[in-house]
Engineer: 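Pasting in a structure now, in structure tokens, and then I'll have a few things to ask.
Along the sequence shown, residues carry numbers from 1.
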Amino acid sequence: MKLSSYLLPLSLVLGLAGTGSAIAQPQTKLVQDLPKSLIQAIWCSALFFEESYYYDEGSEDMVHYEDLAFDLGADIDTVLLEDHGFRQEEVDEIWSVFDAGAYDLTMEDDESFLAQLELCEANYDALL
């Protein structure tokens, strides 16, 4: 996948910066050299996954957010494994850190979580 396919709309990057994502978005040495847009896609997928837990099992909303998370996550896994040479264990660790960060954000600042989730969903097609 070419680097140009990692570019996000400026509104998403600026919008998430305005919602406190720099503070909330987790950091790990494993992602420090990745393009910021790829890191943002990982974060959005984690937010979608976390949001799916809010709804009743099997509900339309639960399935919607789970599908967003897993579809985007599968594309991210491919990029990390094939384009960036990560091992599966490293990819799993990245997901663990970002999923935990999304959970923490829902517990600490639900308003910021929802604002970031809305921006991610509105810009879903541009994430990868």
Side-chain angles (χ1 to χ4, degrees):
M1 189 169 281
K2 294 183 179 179
L3 183 59
S4 63
S5 62
Y6 295 125
L7 298 178
L8 291 176
L10 186 57
S11 62
L12 177 61
V13 174
L14 294 175
L16 288 173
T19 61
S21 66
I23 296 169
Q25 193 175 46
Q27 299 296 315
T28 173
K29 288 183 179 184
L30 288 171
V31 300
Q32 70 186 6
D33 294 327
L34 294 176
K36 290 181 193 237
S37 56
L38 180 55
I39 296 168
Q40 189 60 54
I42 296 167
W43 180 235
C44 286
S45 183
L47 295 176
F48 295 142
F49 186 63
E50 185 60 37
E51 180 67 2
S52 74
Y53 283 103
Y54 179 78
Y55 301 99
D56 291 332
E57 181 72 29
S59 71
E60 188 175 312
D61 288 327
M62 179 260 177
V63 170
H64 169 73
Y65 284 106
E66 194 172 75
D67 285 349
L68 290 176
F70 289 144
D71 290 347
L72 181 58
D75 292 342
I76 291 167
D77 284 353
T78 299
V79 170
L80 292 173
L81 293 166
E82 294 178 9
D83 296 352
H84 293 281
F86 280 86
R87 295 184 329 269
Q88 185 62 52
E89 297 81 17
E90 294 169 318
V91 173
D92 292 344
E93 183 176 336
I94 290 169
W95 284 120
S96 177
V97 168
F98 277 74
D99 288 343
Y103 172 79
D104 290 345
L105 183 59
T106 63
M107 296 294 108
E108 296 169 12
D109 187 357
D110 194 51
E111 186 176 314
S112 178
F113 173 86
L114 292 173
Q116 291 181 51
L117 179 73
E118 184 178 316
L119 283 170
C120 287
E121 191 166 8
N123 292 284
Y124 181 82
D125 292 334
L127 288 171
L128 272 185

Engineer: Specify the closest pair of heavy atoms between Val63 and Gly58, including all atoms of both residues, with the distance to one decimal.
Structural biologist: CG2-O, 4.0 Å
Engineer: Gln32 versus Gln27: any side-chain heavy-atom pair under 4.5 Å?
Structural biologist: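 No, too far: nothing below the 4.5 Å cut-off.
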Engineer: Any chance the side chains of Tyr65 and Glu121 put a donor and an acceptor closer than 3.5 Å?
Structural biologist: yes
Engineer: Using side-chain heavy atoms (C-beta onward) and a distance below 4.5 Å, is Leu47 in contact with Glu51?
Structural biologist: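 Heavy-atom side-chain distance check fails, nothing below 4.5 Å.
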Engineer: Does Glu60 CD have over 12 foreign heavy atoms under 6.0 Å away?
Structural biologist: no
Engineer: Please report the interatomic distance CD(Glu93) to CZ(Phe86), rounded to the nearest 0.5 Å.
Structural biologist: 10.0 Å
Engineer: Write down the atom of Gly101, the atom of Pro26, and the distance for their closest heavy-atom approach.
Structural biologist: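 The pair with the smallest heavy-atom distance is CA-CG, 4.2 Å.
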Engineer: side-chain contact (heavy atoms from CB on, under 4.5 Å) with Ile94: which of Ile39, Leu80, Asp77?
Structural biologist: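 Looking at Ile39, Leu80, Asp77, the match for Ile94 under the side-chain contact (heavy atoms from CB on, under 4.5 Å) is Leu80.
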Engineer: What distance separates Trp43 CH2 from Leu105 CG, expressed to the nearest 0.5 Å?
Structural biologist: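 One gets 5.0 Å once the value is rounded to the nearest 0.5 Å.
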Engineer: Checking Ser45 side chain against Ala69 main chain: does a donor-acceptor pair fall under 3.5 Å?
Structural biologist: yes
Engineer: The test is side chain to side chain donor-acceptor pair (under 3.5 Å); show your working for Glu90 and His84 and say whether it passes.
Structural biologist: CA-CA 11 Å; Glu90 294 169 318; His84 293 281; over 6 Å; no
Engineer: Among residues at least two apart in sequence or on other chains, which ones pass ring-ring contact (aromatic ring centres under 6.0 Å, His included) with Tyr53?
Structural biologist: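 So Tyr53 forms a ring-ring contact (aromatic ring centres under 6.0 Å, His included) with Phe49.
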Engineer: If we only count heavy atoms from C-beta on, is the Phe48 to Ser52 side-chain gap below 4.5 Å?
Structural biologist: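 Not touching, per the 4.5 Å side-chain cut-off.
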Engineer: Search all heavy atoms of Phe98 against all heavy atoms of Ala46 and return the closest pair with its distance.
Structural biologist: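 Closest pair (atom of Phe98, atom of Ala46, distance): O-CB, 3.5 Å.
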Engineer: Measure the CG-CG distance between Leu127 and Asp71 for me, rounded to the nearest 0.5 Å.
Structural biologist: 12.0 Å
Engineer: If you round to the nearest 0.5 Å, how far is OH of Tyr103 from CD of Glu108?
Structural biologist: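 That separation rounds to 10.0 Å.
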Engineer: Side chains of Gln88 and Leu81, heavy atoms from C-beta outward: is any pair under 4.5 Å?
Structural biologist: yes
Engineer: For the CG atom of Leu38 and the CG atom of Asp33, what is their distance to the nearest 0.5 Å?
Structural biologist: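 Leu38 atom CG to Asp33 atom CG measures 12.0 Å (nearest 0.5 Å).
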Engineer: Test your reading of the model: is there a side-chain donor-acceptor pair from Thr28 to the backbone of Val31, 3.5 Å cut-off?
Structural biologist: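 Flag not set: sc Thr28 to bb Val31 has no pair under 3.5 Å.
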Engineer: Same cluster for Phe70 and Ile76 if Ile/Leu/Val/Met/Phe/Trp/Tyr side chains link at under 4.5 Å?
Structural biologist: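 No, it is not one cluster - the side chains of Phe70 and Ile76 are not joined through contacts under 4.5 Å.
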Engineer: Check whether any side-chain heavy atom of Ile42 sits under 4.5 Å from a side-chain heavy atom of Leu72, and report yes or no.
Structural biologist: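 Side chain of Ile42 against side chain of Leu72, heavy atoms only: no contact under 4.5 Å found.
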Engineer: From Met107 CE over to Glu50 CD, what is the distance, rounded to the nearest 0.5 angstrom?
Structural biologist: 6.5 Å
